[in-house]
Enquirer: 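I have a structure I would like to understand better, so I am pasting it below and will then ask my questions one at a time.
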Amino acid sequence: MASDTANIGDAFDGVTFTPPAPPPPAALTSAQWSGLAQSKLEATYDGRRASLASYYTFLERIERQGSLTDDQKADLAVLDAAQVWEQAVLDAAAKAATKATDPSSFVWPATPKGLTELIALS
């Protein structure tokens, strides 16, 4: 019979306990990854996506007339890069869904240089 002062660990001296590994994160569905991608885009644009789309249309119209200023040319280049980036975000999410990627370690494509500043000005 064990004494009242015995420690439960005394019965397991020399035995180490290793907790079980945590279960792998549940894979997200394609729809969930798509939702994450849309959230990423919305967060980046901070509610100004429509304003930038209008500005893009305006710049394209001026470009066809051949009268863009250097600053407008730079803005148009940033917005062109933003379109490519948006598609890259959507493609990355679709690819992540097929590979059961852990969302906590997922790295989104980098935002194009100048986009954050252009969003702040819009």
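Worth knowing before you read on, the calculation uses all heavy atoms, side chains too, and leaves out hydrogens, waters and symmetry mates. For the single chain, residues carry numbers from 1 onward in sequence order.
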Enquirer: Say whether D75 and Y56, considering side chains only, have a donor N or O and an acceptor N or O under 3.5 Å apart.
Expert: no

Enquirer: Once you round to the nearest 0.5 Å, how far does CH2 of W33 lie from NZ of K99?
Expert: 12.0 Å

Enquirer: Is a side-chain N or O of T44 found less than 3.5 angstrom from the main chain of K40, in a donor-acceptor match?
Expert: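 Yes; at least one donor-acceptor contact below 3.5 Å.
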
Enquirer: Counting only N and O atoms by type, is there a donor-acceptor contact under 3.5 Å from the side chain of S67 to the main-chain atoms of E63?
Expert: no

Enquirer: Between atom NZ of K95 and atom OG1 of T101, what is the distance when rounded to the nearest 0.5 Å?
Expert: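 OG1 of T101 is found 9.0 Å from NZ of K95.
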
Enquirer: Which value, rounded to the nearest 0.5 Å, describes the distance between D46 atom CG and S122 atom OG?
Expert: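 Answer rounded to 0.5 Å: 8.5 Å.
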
Enquirer: Is there side-chain contact between W85 and L41, with at least one heavy-atom pair below 4.5 Å?
Expert: yes

Enquirer: Under 4.5 Å between side-chain heavy atoms, hopping through other hydrophobics if needed: is there a path connecting L121 to L76?
Expert: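 No, because L121 and L76 fall into different hydrophobic clusters, even though each may have its own neighbours under 4.5 Å.
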
Enquirer: Could you please spell out the steps behind the side chain to side chain contact (heavy atoms under 4.5 Å, CB included) verdict for Q72 and Y55?
Expert: CA-CA 10 Å; Q72 290 171 329; Y55 183 49; 4.3 Å; yes

Enquirer: Does A50 offer a backbone N or O that forms a donor-acceptor pair with the side chain of S54 under 3.5 Å?
Expert: yes

Enquirer: Could you verify whether a donor N or O on one side chain and an acceptor N or O on the other, from D71 and T69, lie under 3.5 Å apart?
Expert: no

Enquirer: Report the C-alpha distance between V89 and Q38 in whole Å, list the side-chain angles of each, state the deciding distance to 0.1 Å, and finish with yes or no for side chain to side chain contact (heavy atoms under 4.5 Å, CB included).
Expert: CA-CA 9 Å; V89 167; Q38 291 300 325; over 6 Å; no

Enquirer: Can you tell me how far CG of L118 sits from NZ of K113, rounded to the nearest 0.5 angstrom?
Expert: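 Output value for this atom pair is 14.0 Å.
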
Enquirer: Apply side chain to side chain contact (heavy atoms under 4.5 Å, CB included) to T29 and list each qualifying residue two or more places apart in sequence or on a separate chain.
Expert: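 Scan of T29 (side chain to side chain contact (heavy atoms under 4.5 Å, CB included), adjacent residues dropped) gives A31, Q32.
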
Enquirer: Please state whether the rings of W108 and F106 are parallel, tilted or perpendicular, taking 30° and 60° as the class boundaries.
Expert: perpendicular

Enquirer: So if I apply the side chain to side chain contact (heavy atoms under 4.5 Å, CB included) rule between I119 and each of T111, V78, L52, which one comes out positive?
Expert: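 Only one of T111, V78, L52 forms a side chain to side chain contact (heavy atoms under 4.5 Å, CB included) with I119, namely L52.
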
Enquirer: As an exercise, state the distance from OG1 of T116 to OH of Y45, rounded to the nearest 0.5 Å.
Expert: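 So the gap between those two atoms works out to 10.0 Å.
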
Enquirer: For E86, is there an ion pair with R49 - N to carboxylate O distance below 4.0 angstrom?
Expert: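 Looking at E86 together with R49, the answer is yes, because their closest N to O distance falls below 4.0 Å.
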
